[in-house]
Amino acid sequence: MDSLEKTTNRSEQKSSRKFLKSLIQKQPQELLLVIGTGVSAAVAPGIPALCSWRSCLEAVLEAAEQLEVLHPGDVAEFRRKVMKDRDLLVVAHDLIRKMSPRTGDTKPNFFQDCLMEIFDNLEQHIQDPLVLQSILSLMERGTMVLTTNYDNLLEIFGQQQNKPMESLDLKDKTKVLQWARGHIRYGVLHIHGLYTDPCGMVLDPSGYKDVTQDPEVMVRPPAVALLVFLGTLVAAVWEVLQSLYRRKSFLFVGCGETLRDQIFQALFLYSVPNKADLEHYMVVLKESEDHFFKHQADMLLFGIKVVSYGACFDHFPGYMRDLATQICKQWNPDAERVDSTTLLGNACQDCAKRKLEENGIEVSKQLRQSDDTGAS
């Protein structure tokens, strides 16, 4: 074999897509997808507001200017912040407060009107549904979906495929609990709410600083203090969401700012103990090798394995299709049966085993009884 042929073979092997075995060997129902703006950007590239937090804020400011719901001086000031500030989520919070009543109430507010303006007729802007189809195939097999996005592109596409899609937010305790227990297969939890009804949780972060500076609550983790102050989540919802992060493997796709999002941090990152013992995944664009490998090392501290879909955003849809195909191959319908020994109906078998042991039940005995029943 000459050197040219060897080089060609090495090139072909390098170009063939590789996936972490620990990820693709999971059952779909063991995963919880966290989808960010990258998913929306791949599906509807014609709407700049879907591409990133920066693009969304720029579009909101343009809509605010056109609708005349924000003073021109404020528009100019926020445009300067959007261009210069690194922490865009803080800028977003400040902008939302500026467009809300001076009393600090979250409703009525003009932010909702601006979102409705820029996300009008979303269904007409779906150009490449490949990523949505991949996500939907995982949902069909038990994967849960949570998003920080305001748009409902996934629900629109699912409804077009005759799936009973349902948009959920944190204000509906009953629905959130049903979703978390695996009872709403086609439910999508929007932790910021939808563009038609932004969740009050993200609309009033002003109390966060006040609470974390209060001596009586500083003994609590900041995330817990935030939730206590906002009074949005009751104990039952909090506990079941915490359980999800411990029991499921979260798969972050299209997420850039998600891990810096105060709401996500409050629900999962800061308040879950022993994060490094968990096994979550994040799919990212590898723009720079140095940045990528540093990010990879940093995220392991949170129990998150970072993998790349390539050096070009155009590779993202194909990667998601292939990844979903690999995971769907592992699907075992029997593993989806609701197990009363677990908190969550779709919890993985290892979790069920641990729960049995926690309850003092010998797993080996349970397995023997199962075998005896099957043989009879």
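A heavy-atom distance below 4.5 Å is not found between the side chains of L138 and V145. Between Y186 and E155 there is no side-chain heavy-atom pair separated by less than 4.5 Å. Side-chain atoms of H280 and Y245, non-hydrogen and from C-beta on, do get closer than 4.5 Å to each other. Between F157 and I135, the closest side-chain pair of non-hydrogen atoms is not below 4.5 Å. Side-chain atoms of M144 and L244, non-hydrogen and from C-beta on, do get closer than 4.5 Å to each other. No side-chain heavy atom of D151 sits less than 4.5 Å from a side-chain heavy atom of I156. Between F78 and D94 there is a side-chain heavy-atom pair separated by less than 4.5 Å. Using a 4.5 Å cut-off on side-chain heavy atoms (C-beta onward), L189 and L170 make contact.
Residues P48 and G46 approach most closely at CD-O, 3.3 Å, considering heavy atoms. Contact record, L285 with C312: CD1-N, 3.4 Å, taken as the closest heavy-atom pair. Across every non-hydrogen atom of Q159 and M165, the tightest pair is N-CG, 3.6 Å. The shortest heavy-atom contact between Q330 and K26 is CB-O, 3.5 Å. For the pair A59 and A49, the tightest heavy-atom approach, listed with the atom from each and the gap, is CB-CB, 3.6 Å.
With rounding to the nearest 0.5 angstrom, the OG1 atom of T37 is 9.5 Å from the CH2 atom of W53. The CZ atom of F292 lies 12.0 Å from the CD atom of E287; values are rounded to the nearest 0.5 Å. Taken to the nearest 0.5 Å, the CG atom of L278 stands 12.0 Å off from the CZ atom of R247. Separation of atoms OG (S137) and CD1 (I327) is listed at 9.0 Å; rounding is to 0.5 Å. For the atom pair CG of L33 and CE of M320, the computed distance is 6.0 Å after rounding to the nearest 0.5 Å. Rounding to the nearest 0.5 Å places OG of S40 at 9.5 Å from CG of N152.
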Would K294 and D290 satisfy salt bridge (Lys or Arg N to Asp or Glu O under 4.0 Å), going step by step from the backbone distance to the final call?
CA-CA 6 Å; K294 181 182 184 304; D290 289 343; over 6 Å; no
Could you walk me through whether I118 and L50 pass the side-chain contact (heavy atoms from CB on, under 4.5 Å) test, one step at a time?
CA-CA 9 Å; I118 63 180; L50 296 176; over 6 Å; no
Let's go through I24 and K329 carefully: what are the C-alpha distance in whole Å and the side-chain angles of both, what is the deciding distance for side-chain contact (heavy atoms from CB on, under 4.5 Å) to 0.1 Å, and is it a yes or a no?
CA-CA 9 Å; I24 62 174; K329 288 179 181 178; over 6 Å; no
Start with the C-alpha gap between E166 and L168, add the side-chain angles, then the distance that decides, and say whether side-chain contact (heavy atoms from CB on, under 4.5 Å) holds.
CA-CA 6 Å; E166 190 168 355; L168 313 169; 3.8 Å; yes
M282/H295 under side-chain contact (heavy atoms from CB on, under 4.5 Å): CA gap, chis, key distance, verdict
CA-CA 10 Å; M282 175 176 282; H295 186 48; 3.7 Å; yes
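Considering only residues two or more places apart in sequence or on other chains, P317 meets the side-chain contact (heavy atoms from CB on, under 4.5 Å) condition with A42, D128, L130, V131. Shown here are the salt bridge (charged side-chain N to carboxylate O under 4.0 Å, His left out) partners of D322, two or more places apart in sequence or in another chain: R17. K286 is linked by a side-chain hydrogen bond (donor to acceptor under 3.5 Å, both in side chains) to nothing, counting only residues two or more places apart in sequence or in another chain. Listed by chain and number, the residues in a salt bridge (charged side-chain N to carboxylate O under 4.0 Å, His left out) with D120 amount to none (sequence neighbours excluded). In this structure Y319 satisfies the ring pair (Phe, Tyr, Trp, His ring centres under 6.0 Å) test together with F19, sequence neighbours excluded. Not counting sequence neighbours, E58 has no partner by the salt bridge (charged side-chain N to carboxylate O under 4.0 Å, His left out) test. Shown here are the side-chain contact (heavy atoms from CB on, under 4.5 Å) partners of D172, two or more places apart in sequence or in another chain: T174, K175. Taking the side-chain contact (heavy atoms from CB on, under 4.5 Å) definition, one finds that S22 meets it with L20, E279, Y281, K305, sequence neighbours left out. For F293, there are no ring pair (Phe, Tyr, Trp, His ring centres under 6.0 Å) partners, not counting sequence neighbours. Residues forming a side-chain contact (heavy atoms from CB on, under 4.5 Å) with T147 (at least two apart in sequence, or on another chain): I35, N149, V188, H190.
Between F313 and F316, the two ring planes are parallel [angle under 30°; tilted spans 30° to 60°]. Ring geometry for F111 versus Y150: interplanar angle over 60°, hence perpendicular rather than tilted (30 to 60°).
Judged by distance alone, with hydrogens and angles left aside, the side-chain atoms of Q127 form no donor-acceptor pair with the main-chain N or O of A44 at under 3.5 Å. Judged by distance alone, the side chain of R141 and the main-chain N or O of Q29 form no donor-acceptor pair under 3.5 Å. With hydrogens and angles disregarded, a donor-acceptor distance shorter than 3.5 Å links the side chain of Q296 to the backbone of V306. In this structure a side-chain-to-backbone donor-acceptor pair under 3.5 Å is present from E30 to Q27. Under the 3.5 Å distance criterion, the side-chain polar atoms of T143 are matched with a main-chain donor or acceptor of P28.
Residue pairs meeting the salt bridge (charged side-chain N to carboxylate O under 4.0 Å, His left out) criterion with at least one partner in residues 37-50, sequence neighbours excluded, are absent.
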Pairs under 3.5 angstrom only: tabulate donor-acceptor contacts from the side chains of residues 65-77 to other protein residues two or more places apart or in another chain.
{"unit_1": "E65", "atom_1": "OE1", "unit_2": "R79", "atom_2": "NH1", "d": "3.4"}
{"unit_1": "E65", "atom_1": "OE1", "unit_2": "R79", "atom_2": "NH2", "d": "2.9"}
{"unit_1": "Q66", "atom_1": "NE2", "unit_2": "E62", "atom_2": "OE2", "d": "3.4"}
{"unit_1": "H71", "atom_1": "ND1", "unit_2": "G73", "atom_2": "N", "d": "2.8"}
{"unit_1": "E77", "atom_1": "OE1", "unit_2": "R80", "atom_2": "NH2", "d": "2.1"}

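Shown are L153, V253, L154; of these, the side-chain contact (heavy atoms from CB on, under 4.5 Å) with V39 is made only by V253.
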